[in-house]
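Only one structure is covered here, and it is reproduced in the block below.
Side chains included, hydrogens not; waters and symmetry mates left out as well; all remaining heavy atoms used.
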Amino acid sequence: MNPAVNDNRPYSSEELAERWGVSAQHVRDLIGKGDLRHFRVGRLIRIPAVAVKEFEECQSTAPSSTGDI
């Protein structure tokens, strides 16, 4: 199946953690800090695909934290 077919479906914390290679807790921490948009379906947390793309774009264009200016 082509991964682009379901490109607009929302992610769970666990799915996004696997995609990014981080823990699900890290994803929930980003949500808790307000760095990652989300919505709830009952008790479940879902992250819209567009929010994931926005976050990834911000991370790829963020300045280096090495102190080089």
Side-chain angles (χ1 to χ4, degrees):
M1 183 165 127
N2 184 352
V5 171
N6 271 338
D7 212 20
N8 290 323
R9 69 169 182 76
Y11 291 85
S12 69
S13 300
E14 292 76 15
E15 291 170 327
L16 193 51
E18 186 175 325
R19 174 182 170 127
W20 287 347
V22 299
S23 71
Q25 183 60 52
H26 180 69
V27 174
R28 289 189 291 271
D29 289 344
L30 290 171
I31 290 168
K33 291 190 302 185
D35 293 339
L36 184 60
R37 290 188 299 122
H38 72 288
F39 64 93
R40 288 189 176 270
V41 179
R43 294 179 56 185
L44 303 175
I45 295 173
R46 294 294 180 254
I47 301 99
V50 67
V52 172
K53 290 174 188 171
E54 289 170 359
F55 187 87
E56 289 173 345
E57 288 172 5
C58 283
Q59 296 306 304
S60 67
T61 60
S64 162
S65 61
T66 61
D68 297 336
I69 298 180

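Between Ala24 and Ala17 the shortest heavy-atom distance is N-CB, 3.5 Å.
Taking the side chain to side chain donor-acceptor pair (under 3.5 Å) definition, one finds that Arg19 meets it with Tyr11, Glu56, sequence neighbours left out. Residues that satisfy the side chain to side chain donor-acceptor pair (under 3.5 Å) test with Arg28, not counting sequence neighbours, are Gln25. Checked against salt bridge (charged side-chain N to carboxylate O under 4.0 Å, His left out), Glu18 has no partners two or more places apart in sequence or in another chain. Listed by chain and number, the residues in a salt bridge (charged side-chain N to carboxylate O under 4.0 Å, His left out) with Asp29 amount to none (sequence neighbours excluded).
Linking ILVMFWY residues whenever their side-chain heavy atoms come closer than 4.5 Å, directly or via other members, places Val22 and Val52 in the same cluster.
Residue pairs satisfying the ring pair (Phe, Tyr, Trp, His ring centres under 6.0 Å) criterion with at least one member in residues 26-53, sequence neighbours excluded, are absent. Sequence neighbours left out, the pairs with a member in residues 41-55 that pass side chain to side chain donor-acceptor pair (under 3.5 Å) are Asp7-Lys53, Arg37-Glu54.
Rounding to the nearest 0.5 angstrom, the gap separating the CD1 atom in Ile47 from the CZ atom in Phe55 is 11.0 Å.
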